[in-house]
There are 2 protein chains.
Amino acid sequence: MKTVNAQAKKLKLARDEFVAQWGALGTQWGINRTMAQIHALLMTAPQPMTTDEVMEDLEISRGNAHTNLKELVAWGLIRVVVKKGERREYFEAEKDVWQIFTIVARERKRREIEPALALLAKCAEESSGIETPEGKAFNNQIRALEDFVGFASKMSDRISSMKYGFAVQMAAKLLG
Amino acid sequence: MKTVNAQAKKLKLARDEFVAQWGALGTQWGINRTMAQIHALLMTAPQPMTTDEVMEDLEISRGNAHTNLKELVAWGLIRVVVKKGERREYFEAEKDVWQIFTIVARERKRREIEPALALLAKCAEESSGIETPEGKAFNNQIRALEDFVGFASKMSDRISSMKYGFAVQMAAKLLG
DNA sequence: TTGAGTTTTCAGTATTAAATGAAAACCGTG
DNA sequence: CACGGTTTTCATTTAATACTGAAAACTCAA
């Protein structure tokens with residue numbers, strides 16, 4: 001009993017550390033702290049959790065918990081689980097790392113790559129008719145960027161749609 | 001003369017749009033707006049520019065211009081150029097898209113991947129001795145994340161150190 | 001249809017990040 | 001070594017973002 005208890009304490013400590021630090025990292029990633037914390041919490045939760053449990057665990061308000069849980073659901077990083085005979089919602093995280101990766105990659109592509117591509121296409125178009133040397137140089141630089149970002153976008157799609165095993169196999173060649 | 005002038009105007013318009021929007025995109029990427037704007041400005045500048053020119057062009061303060069120019073230099077995305085007989089510094093951007101990509105990849109790795117890896121290693125270590133089912137599950141999840149992030153980190157290195165031509169060639173297989 | 005349990009919204013507040021501008025430090029030249 | 005031009009720093013201000021908490025809306029069972 002004593003050891004089990006001591007181990008449970010140790011686990012709680014490690015998990016709290018993970019959640020707190022993962023949250024801090026989130027900010028570097030351009031994700032808000034609470035969202036990253038909830039994600040970390042649920043990724044390492046043995047059971048699905050309710051909003052209230054999340055609130056209590058992270059000591060945050062209902063509104064904050066709610067907003068970020070919904071945002072995580074929108075990303076697809078967590079799911080709503082309904083337990084029969086229970087009214088309130090439970091949340092559980094996607095735990096498969098390859099799934100997590102593809103979800104994050106898809107979302108980043110949508111939010112970071114696609115708008116960039118749209119802008120580059122627009123600017124390339126707008127500057128295509130300009131015949132001055134500066135105009136041509138501008139157009140060339142924009143096109144180079146556009147080509148590259150478009151290429152990166154396609155790559156991202158391809159990799160994301162691979163089976164994990166295949167991606168690893170391919171990577172093995174590169175790393176070998 | 002008239003047409004050249006009209007074209008110059010058109011170019012200025014397109015370039016301003018690019019700079020402004022690239023700045024807005026920067027925020028999505030977790031890069032501050034000014035830094036992204038300066039980068040866009042210099043990437044499309046026909047000549048190296050001084051701090052004062054950047055300030056004037058973007059209508060920002062000296063402190064802001066200075067801080068972000070230095071930050072871009074630290075990243076390696078722009079360089080200081082000294083003109084002989086001139087005292088003040090000029091800045092020019094790296095224009096090669098593959099170079100830009102590898103620089104950004106390296107920086108992101110440093111700021112996003114490595115701290116995550118360190119955290120995961122620490123948490124894996126701290127939880128390795130816990131023999132409860134919850135402890136084992138936690139440890140397994142952390143290890144899965146650690147393995148994956150470590151793998152991603154290695155991949156990033158490999159790709160970044162490739163010659164552009166080789167990367168394209170490899171990609172061609174994937175996209176074909 | 002009422003009311004307890006639960007989710008959602010949002011105006012107000014707090015926190016964090018970025019920008020300003022002026023002063024200080026720096027640096028080459030006369 | 002003093003002076004004008006230039007860069008750097010940093011306390012203060014401003015802007016952007018996140019969080020709170022309470023009210024409103026929703027939902028289901030009695």
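Reminder, nothing fancy here: chain letters follow the sequence lines and each chain counts from 1.
- By the 4.0 Å N-to-carboxylate-O rule, K12(B) lies close enough to D16(B) to be salt-bridged with it.
- Per the geometry, CZ belonging to R62(B) stands 12 Å off P belonging to dT20(C), to the nearest Å.
- Between R110(A) and E107(A), at least one side-chain N (NZ, or NE/NH1/NH2) sits under 4.0 Å from a carboxylate O, which counts as a salt bridge.
- Distance M55(A) CE to dC19(D) P: 14 Å, rounded to the nearest Å.
- Residue-level contact check: D52(A) touches neither bases nor backbone, having no heavy atom under 4.0 Å from any strand.
- The CD-P distance, from E89(A) to dC26(D), rounds to 15 Å in whole Å.
- The CG atom of L58(A) sits 10 Å away from the P atom of dT20(D) (whole-angstrom rounding).
- Across the protein-nucleic acid pair, Y90(B) atom OH and dT7(D) atom P stand 10 Å apart, rounded to whole Å.
- For the pair E59(B) CD and dT20(C) P, the computed distance is 10 Å after rounding to whole Å.
- One hydrophobic cluster, built from ILVMFWY side chains closer than 4.5 Å, holds both W29(A) and I38(A).
- Summary of the strand contacts: E86(A) and N64(A) both lie near DNA chain C, and taking for each the nucleotide with the nearest heavy atom, the more 5' one is attributed to E86(A).
- Atom-to-atom, CZ of R33(A) to C1' of dT20(D) comes out at 14 Å; the value is rounded to the nearest Å.
- Among dT6(D), dA19(C), dT7(C), the nucleotide with an atom closest to any side-chain atom of S61(B) is dA19(C).
- Checking the phosphate oxygens (OP1, OP2) of dT7(D), no side-chain nitrogen or oxygen of H66(B) falls inside 4.0 Å.
- Contacts of T34(B) with the nucleic acid, taken as non-hydrogen atoms under 4.0 Å apart, involve only primed sugar atoms and P, OP1 or OP2.
- We find that CG of L69(A) is positioned 14 Å from C1' of dT6(C), with the value rounded to whole Å.
- Nearest to the side-chain atoms of K70(B) among the listed nucleotides dT7(C), dT8(D), dT6(D) stands dT8(D).
- The N68(B) side chain lies nearest to dA19(C) when the options are dT20(D), dT7(D), dA19(C).
- E89(B) has a carboxylate O that lies under 4.0 Å from a charged side-chain N of K70(B), or vice versa, which qualifies the two as a salt bridge.
- The side chain to side chain contact (heavy atoms under 4.5 Å, CB included) check on N140(B) picks up nothing, with sequence neighbours excluded.
- The nearest heavy atom of DNA chain D to R87(A) and to N32(A) marks one nucleotide each, and the one closer to the 5' end goes with N32(A).
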